[in-house]
There are 2 protein chains.
Amino acid sequence: MINAIQTTTQRAPGLAKAAAKRTLKWQRDPEGMRLRILEAAKQEFSAHGLAGARVDRIAAKAGANKRMLYYHVGNKDDLYLAVLEGAYDKIRSEERGLDLEHLDPPEAIKRLIEFTWGYFLRNPEFLSLLQTENLARAKHLKRSTKVKSMHSPFVEMIGTVVRRGVESGDFQVAVDPVQLYISIAGLCFFYLSNSATLGVIFGRDLLAKDAKDERLAHMVGLVLAALTGQSAVLFEIAKAPKSRAAVAQTV
Amino acid sequence: MINAIQTTTQRAPGLAKAAAKRTLKWQRDPEGMRLRILEAAKQEFSAHGLAGARVDRIAAKAGANKRMLYYHVGNKDDLYLAVLEGAYDKIRSEERGLDLEHLDPPEAIKRLIEFTWGYFLRNPEFLSLLQTENLARAKHLKRSTKVKSMHSPFVEMIGTVVRRGVESGDFQVAVDPVQLYISIAGLCFFYLSNSATLGVIFGRDLLAKDAKDERLAHMVGLVLAALTGQSAVLFEIAKAPKSRAAVAQTV
DNA sequence: GGAGAAATTAACCCGTTGGATAAATACTGT
DNA sequence: ACAGTATTTATCCAACGGGTTAATTTCTCC
């Protein structure tokens, strides 16, 4: 992963000359270094939180000298904020790529839930960073002008989808898009971010493939059932792809 | 709050004699001290996380000498685990007090959501502690035999309610109680534990009275609509108590 | 009323950690 | 090829933080 970033570097001129001179004690690569530092910092902050993160470990992981962190990014707090901003930037950019306009409303909502779920699964550090920042009551985020201007396109998207759904008769309620957004995020977020403690309490692995499939089916069923009023049918549809036994058994 | 605990102490004999001798340099009160330490530790750990917590601050807040923490509870980790176990103990005990048996199924689900929401609102430190522990991937919880044996009565309660609801025709689906439990907890938890970052992003105070009322109404509406299939009606009912404008406006 | 145990205080120890300083090395333009 | 600048390294340090040691005060029981 870090290697991939390193190769990103495009040193413009004098490349042949530098390659010939093979007695270099170290490479010079500001952008690459900065990226490696931020990547290492992301790992460290998400693994240990803000207070638990160690500047020396970040430097080591980035293959850099500790002084580099201060040179390229700033002190520990600056580093943390840069990581946080990067994380928001990334998810917002992926969110924009998801166009729900051409899907029929129930399908669009399903797609939205699947995306949110998938993104959280693929980016567990994002969840950790959010947790950390909320533990700090968003102290750092409040000072970030960048993040404040990065509005999630989802709220508008949801608004449009819901409106279309009500008009087409697919949905029975014109639910508030912000509430729905928070609900979808919450359904996904809580399960994943708290899987450790929940796993201990329930005595089972919530991150096993089957468990995750079952969870996704449940969430899609729950939200779509609420919107369409077709409880039974939708829960069945959502459940179909996998583990069809689970629900019936339990009751 | 701390004072209330202090008074808990019941020093058995020799009270009159001790009261007479007024040249005491300090009081002797093991149980009271232990409680004050745990209360202070709870505050500290929930405010700053495990790594961010400061042993000296805990001592100061407890009105104790630092050495007392080690004498009465143990090292920092022991202290943390004790707090965590206490937090679980408290919520489980309150959960047990909630009997849903005599309510009709939709009312029971509503009550369940309201309790969860209310408990989280009244005990924000519990949310923080959970976040902290999950950040640590439940490392400490796994070692706790106490917590593992403290099963939430909710899963069974929900199972019974759902079964009754399906039989009575109120509910259209026999949803998995564990999934429903996680969903309800997640809907409440995410909104509250992430209110800081969400507040910054949406540019509004999610903890204002109106916002909280609206959220509760939404959650009740969402879950009950999904179970009963009565989307429109239930969202209206849930919304009724307060701010009736919000939902209609947005779409 | 005094001896031994329990509870509490004061002071210290030492590895860790964020951050700083100054010197060395690579690159660029001229 | 040389001067000046940008990047990187090696080393240091003062403050902090968890934990410990030893002495002091209170309580209990006989």
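In what follows, every chain begins at residue 1, and chains take the letters A, B, ... in the order their sequences are listed.
Taken from OG in B:Ser144 to CG in B:Leu84, the straight-line distance is 7.5 Å, to the nearest 0.5 Å. Note: B:Phe126 CZ to B:Ile91 CD1 = 4.0 Å, rounded to the nearest 0.5 Å.
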Footprint string (nucleotides 8-21 of chain D, 5' to 3'): B base within contact, S backbone only, - free, heavy atoms under 4.0 Å | BBB------SBBBB

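Taking atom CZ on B:Arg34 and atom P on C:dA6, their separation rounds to 17 Å, with Å as the unit. To the nearest angstrom, P of C:dT17 lies 14 Å from CG of A:Leu69.
Between the side chains of A:Ser183 and B:Arg215, at least one donor N or O lies within less than 3.5 Å of an accepting N or O.
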Test log, rule ring pair (Phe, Tyr, Trp, His ring centres under 6.0 Å), inputs A:Phe190 and B:Phe190 | CA-CA 6 Å; A:Phe190 179 73; B:Phe190 179 75; 9.5 Å; no

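Qualifying salt bridge (charged side-chain N to carboxylate O under 4.0 Å, His left out) partners for B:Arg92, counting only residues two or more places apart in sequence or in other chains: B:Glu95.
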